[in-house]
A.B. asks: 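Sharing a structure below in structure tokens format, with a few things to ask.
Residue numbering restarts at 1 for every chain, and letters A, B, ... go by the order of the sequence lines.
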2 protein chains.
Amino acid sequence: MSSLGYAVRMSLKIALLGLLDAKGPASGYDLAKAFESSISNAWQAGHTQIYPELVKMAADGLVAVESEGARNRKIYAITPEGARLVRSWLIEHQPTAAMRSEVALQAFLLPLLDREDAIEVVLRLRRQFSERLAGLECRPVVKASGFGRYALRLGIAQGRAALDWADDTLAELREAGRDGEGSPAETGPRPPEAGLGASEAGPGTSAAEGE
Amino acid sequence: MSSLGYAVRMSLKIALLGLLDAKGPASGYDLAKAFESSISNAWQAGHTQIYPELVKMAADGLVAVESEGARNRKIYAITPEGARLVRSWLIEHQPTAAMRSEVALQAFLLPLLDREDAIEVVLRLRRQFSERLAGLECRPVVKASGFGRYALRLGIAQGRAALDWADDTLAELREAGRDGEGSPAETGPRPPEAGLGASEAGPGTSAAEGE
DNA sequence: TTGCCCATGTAATACGTTACATGATTTC
DNA sequence: GAAATCATGTAACGTATTACATGGGCAA
């Protein structure tokens, strides 16, 4: 098993192995907690996903049940093979840049709304960025010591960028209201713009956007 | 049908409706192309997901087949009900902040590697950010006019933040090598650090260590 | 002994990806 | 008419979410 040629998507496995590797043996419950706190910034998973995955990984020799405690609590520890797998994934796996973000989707669709509504939406997004950022910034891990420090810094940097974007966008939307008044952003009834794909140049360009 | 109380996750629906709304009637094929170009920054989907979804949405009255062209090509147009749905989703739906990013996961796990390897990984990430950013920045949409301009700016802002993070992280990793030499980041064989949850404090900490 | 939280799990469903299949049109 | 590309689709699989089920321990 565990043929080392890692499957298409195995990020959950990796996240679990990484946590076990970094923080030592833990139960499924502990790991589920960890997804809410330390690693929430990078990955997430519920216990319903974690328990079966641990069983599979145990069968594959990536983790081992170290001990069993009260009320069926099983403590898993990473095996040498598991530790090897995380490291080789880190070193060899080029992460997919594929984007799938509801926030970005709302940003994308913003021009469908009239100015007032668009402002409301951006304000809500801004509030959300701000709360998230505050949540990250107050984590003690920020100091040079904590394990998740790199991911945390990345999250904070991106949170700040998002916040700035919200401010800029708000400014622009408000500015637009000053003169055009009723001409916010492709206002109201949508203007059919010929066809799709026309806006992005021709077939040759396709590779340029390749992600 | 289409009970207006929108389901848990319906972002694909929304993305399709948004594209149809913004750019006018299009075929499934056109929409699949659009996911590669204009909206790739916010959402993505392959044709195998799009075709069935369009059929469902047509059954729900959110889109309608406007015309059928050569080789079975069906042109879908958004209906008023569909347009209403996108707008109310935009206005009412608080997007989930849930993170699931392989890039962030690699950042999180970076301390598992020794300094040399960590630097290699960050260099690769940096290259990736850089390419992605270049791809975004050269899009003509950046100008105030294009439909996806807000999402594009957000993507660019976050891309820059990621690039900066990579530079900072590289600097830190190289700096660490100067003195400690063999003491990069939790070097080599992992140190079991007691239990999980200990690093984050919080209300339920007591239970985390429980047996 | 009732009620709450801890801790683990299963089942059903929804969402996404990969692989495969098909035919129509254009290009050589 | 062979090959490439356009355009649509189905099937199988893997991953993620929601809802449900269970039982132990603890405190009021």
A.B. asks: Starting at CZ of A:R100 and ending at C1' of D:dT17, how long is that distance when rounded to a whole Å?
C.D. replies: 15 Å

A.B. asks: Can you list the residues that meet the side-chain contact (heavy atoms from CB on, under 4.5 Å) rule with A:F129, with sequence neighbours excluded?
C.D. replies: A:V103, A:L125, A:A162, A:L163, A:W165, A:A166

A.B. asks: Please report, rounded to the nearest Å, how far the P atom of D:dG23 is from the CZ atom of A:R73.
C.D. replies: 20 Å

A.B. asks: How long is the line joining CD of B:E36 and P of C:dT17, in whole Å?
C.D. replies: 13 Å

A.B. asks: Can you tell which of B:L105, B:D117, B:V122, B:I119 makes a side-chain contact (heavy atoms from CB on, under 4.5 Å) with B:L110?
C.D. replies: B:V122

A.B. asks: What's the CD-P distance between A:E53 and C:dT8, to the nearest Å?
C.D. replies: 16 Å

A.B. asks: With a non-hydrogen cut-off below 4.0 angstrom, is B:G28 in contact with a base, only sugar-phosphate, or nothing?
C.D. replies: sugar-phosphate

A.B. asks: Going through the checks in order, is the side-chain contact (heavy atoms from CB on, under 4.5 Å) test met by B:E53 and B:M10?
C.D. replies: CA-CA 10 Å; B:E53 193 64 42; B:M10 58 172 342; over 6 Å; no

A.B. asks: Any side-chain N or O of B:Y29 below 4.0 angstrom from OP1/OP2 of D:dT8?
C.D. replies: no

A.B. asks: In this structure, how many angstroms lie between the C1' atom of D:dT15 and the CZ atom of A:F35, rounded?
C.D. replies: 13 Å

A.B. asks: What's the CD1-C1' distance between A:I50 and D:dA16, to the nearest Å?
C.D. replies: 12 Å

A.B. asks: Could you tell me whether the phosphate oxygens of C:dA7, OP1 or OP2, come under 4.0 Å of any side-chain nitrogen or oxygen in A:K74?
C.D. replies: no

A.B. asks: Does D:dT17 have OP1 or OP2 sitting under 4.0 Å from an N or O in the side chain of A:Q44?
C.D. replies: yes

A.B. asks: Is the shortest side-chain N/O distance from A:Q49 to OP1 or OP2 of D:dT15 below 4.0 Å?
C.D. replies: no

A.B. asks: Distances under 3.5 Å only, N/O to N/O: pair up the protein atoms with those of nucleotides 10-13 of chain C.
C.D. replies:
none

A.B. asks: Quick one: does any side-chain atom of B:S101 pair with a main-chain N or O of A:A42 as donor and acceptor, under 3.5 Å?
C.D. replies: no

A.B. asks: Applying side-chain contact (heavy atoms from CB on, under 4.5 Å), can you list everything that pairs with B:A32, at least two apart in sequence or on another chain?
C.D. replies: B:H47, B:I50

A.B. asks: With no hydrogens and no angle check, just 3.5 Å: does a side-chain donor-acceptor pair link B:K23 and B:S38?
C.D. replies: yes

A.B. asks: Atom CD of A:E102 and atom P of D:dT17: how far apart are they, to the nearest Å?
C.D. replies: 11 Å

A.B. asks: Taking CE from A:M57 and C1' from D:dT15, how many angstroms apart are they, rounded to a whole number?
C.D. replies: 14 Å

A.B. asks: Can any side-chain N or O of A:R124 pair as donor or acceptor with the backbone N or O of B:I91 at less than 3.5 Å?
C.D. replies: yes

